[in-house]
Amino acid sequence: MSVPWRQKLAVGWYITKQRLRRVEKFPLVLQLEPLYQCNLACAGCGKIQHPQHILARRLTVQECIDAVEECGAPMVSIAGGEPLIHKEIHLIAKELVKRRKFVYLCTNALMMQRKLDLFQPSPYFAWSVHIDGLRERHDESVCRSGVFDKAVAAIREAQRRGFRVTTNTTFFGQDDARSIRAVLDFLNDELKVDQMQIAPGYAYEKAPDQEHFLGVERTRAIFREAFAGGKRRKWRLNHTPLYLDFLEGKVDFECTAWGIPSFSVLGWQRPCYLMADAPYAASYRELVEETDWSRYGRGRHPKCENCMAHCGYEPTAVLASTRSLKESVRAALSS
Ligand code: SF4
Ligand code: SF4
């Protein structure tokens with residue numbers, strides 16, 4: 001199964017309801033980060049540099065439920081840190097599924113096989129496994145050998161047990177059109193994951209490797225080349241066609257950071273999960289109403305200059321698609 005029709009219809013109906021109620025800003029996905037601690041230390045990561053007392057913090061199950069209910073997003077991406085380190089992560093996922101939220105549990109997969117018994121396959125639940133490239137490239141990206149093989153084994157086992165399995169792949173300066181095609185062909189045709197999410201790495205200030213973030217022009221060039229010849233139609237990419245057009249440089253968008261708000265052990269992050277530019281908000285309402293959103297996006301803020309991340313630009317693409325019959329049909333027919 002790729003994106004189930006149930007999910008497409010539920011999200012489409014949710015957007016329609018917001019428009020009918022004339023809600024100007026509403027969340028599509030909540031980025032929930034119940035901890036920042038991780039069992040890897042990837043070169044391009046900007047999440048694990050917090051001091052020890054923050055890495056030791058955990059959101060409770062109830063805090064996660066409250067954040068999801070307060071913002072009302074139909075989809076929740078649980079990330080971190082490594083969510084599977086959280087001892088109650090299965091309870092968090094279960095409570096959100098019970099509330100009919102479409103949950104993506106992001107993981108580097110090191111603990112996944114061991115924890116599979118704690119989870120139940122459901123149309124509302126999907127694994128999102130971090131795979132940055134084929135074996136050598138992925139292990140280089142996560143700075144540890146053997147991680148690619150563990151992730152692939154965990155994916156195969158989860159598929160065998162009937163789980164929906166997706167992947168998330170971040171591309172950096174070491175990548176080119178050939179390496180992008182190689183990993184997407186592998187995930188699509190050999191591993192046969194349900195869907196794949198892709199992103200150019202955001203230039204986190206705190207990431208140890210500052211040399212290998214892609215700029216906007218290079219991002220456009222490598223995606224244009226990787227997608228050439230109708231390749232992208234063949235892959236089950238978990239993106240709207242308009243966001244893929246954006247990556248290729250066929251269209252340009254403004255950032256819609258309020259579309260994917262982020263809640264973590266520190267509160268509601270402003271303006272997005274990539275960048276903490278202003279004090280954290282104490283509530284979702286405060287985040288939406290008291291953030292000056294006009295300050296963010298490329299051309300508006302120096303830390304946004306090289307960003308083409310889905311958390312800012314996919315919501316823009318989704319909202320643009322729903323305003324156009326042609327784009328709605330394109331999105332409905334895509335994987
Ligand atoms: S697995 Fe994710 S959270 Fe952990 S270090 Fe790597 S990028 Fe950061
Ligand atoms: S462009 Fe948008 S998504 Fe990217 S860092 Fe800035 S606010 Fe966040």
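Just follow the structure's listing: the first ligand is 1, and inside any ligand the first atom is 1. For reference, positions follow the sequence shown, starting with 1.
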Inset, instruction - Output, by chain and residue number, all protein N/O/S atoms separated from atom 6 (Fe) of ligand 1 by less than 2.8 Å. - result: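 Protein N/O/S atoms under 2.8 Å of atom 6 (Fe) of ligand 1: C42 SG.
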Legend entry - Other residues, nucleotides, ligands: >12 heavy atoms within 6.0 Å of Q120 CD: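 No, the 6.0 Å shell around CD holds no more than 12 heavy atoms from other groups.
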Inset, instruction - For E33 and L35, indicate whether the former's side chain and the latter's backbone hold a donor-acceptor pair under 3.5 Å. - result: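 No, because the side chain of E33 does not come within donor-acceptor range (under 3.5 Å) of the backbone of L35.
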Legend entry - Test item: T256 side-chain N/O and G259 main-chain N/O as donor-acceptor pair under 3.5 Å: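 No, the answer is negative, given that no donor and acceptor are paired below the 3.5 Å cut-off.
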Legend entry - E314 to N238 - nearest heavy-atom pair and separation: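 Closest approach of E314 to N238, heavy atoms only: OE1-O, 4.3 Å.
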Legend entry - CD-SG distance between Q197 and C106, expressed to the nearest 0.5 angstrom: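 Those atoms lie 7.5 Å apart.
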Legend entry - Carboxylate-amine/guanidinium proximity below 4.0 Å for R99 and E69: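 Yes, this pair counts.
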Legend entry - Charged N-O contact under 4.0 Å between E70 and R285: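 Looking at E70 and R285, the cut-off is not met.
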Inset, instruction - Please write out which residues are connected to I48 in a hydrophobic cluster, directly or through intermediates, given that two of Ile, Leu, Val, Met, Phe, Trp, Tyr count as joined at side-chain heavy-atom separations below 4.5 angstrom. - result: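 Members besides I48: none; it forms no cluster.
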Inset, instruction - Considering only Ile, Leu, Val, Met, Phe, Trp and Tyr, and joining two whenever side-chain heavy atoms are under 4.5 Å apart, list the other residues clustered with V142. - result: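 Answer for V142: L40, L110, V147.
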Legend entry - Residue G81 vicinity, atoms of ligand 1 by number, heavy atom under 4.0 Å: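 Answer, ordered by atom number: 3 (S).
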Inset, instruction - Quick one: sort the W127 and F163 rings into parallel, tilted or perpendicular, breaks at 30° and 60°. - result: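 Rings of W127 and F163: perpendicular, as their planes differ by over 60°.
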Inset, instruction - Show all protein N/O/S atoms under 2.8 Å from atom 4 (Fe) of ligand 2, or state that there are none. - result: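 Listed by chain and number, the nearby protein N, O or S atoms are C307 SG.
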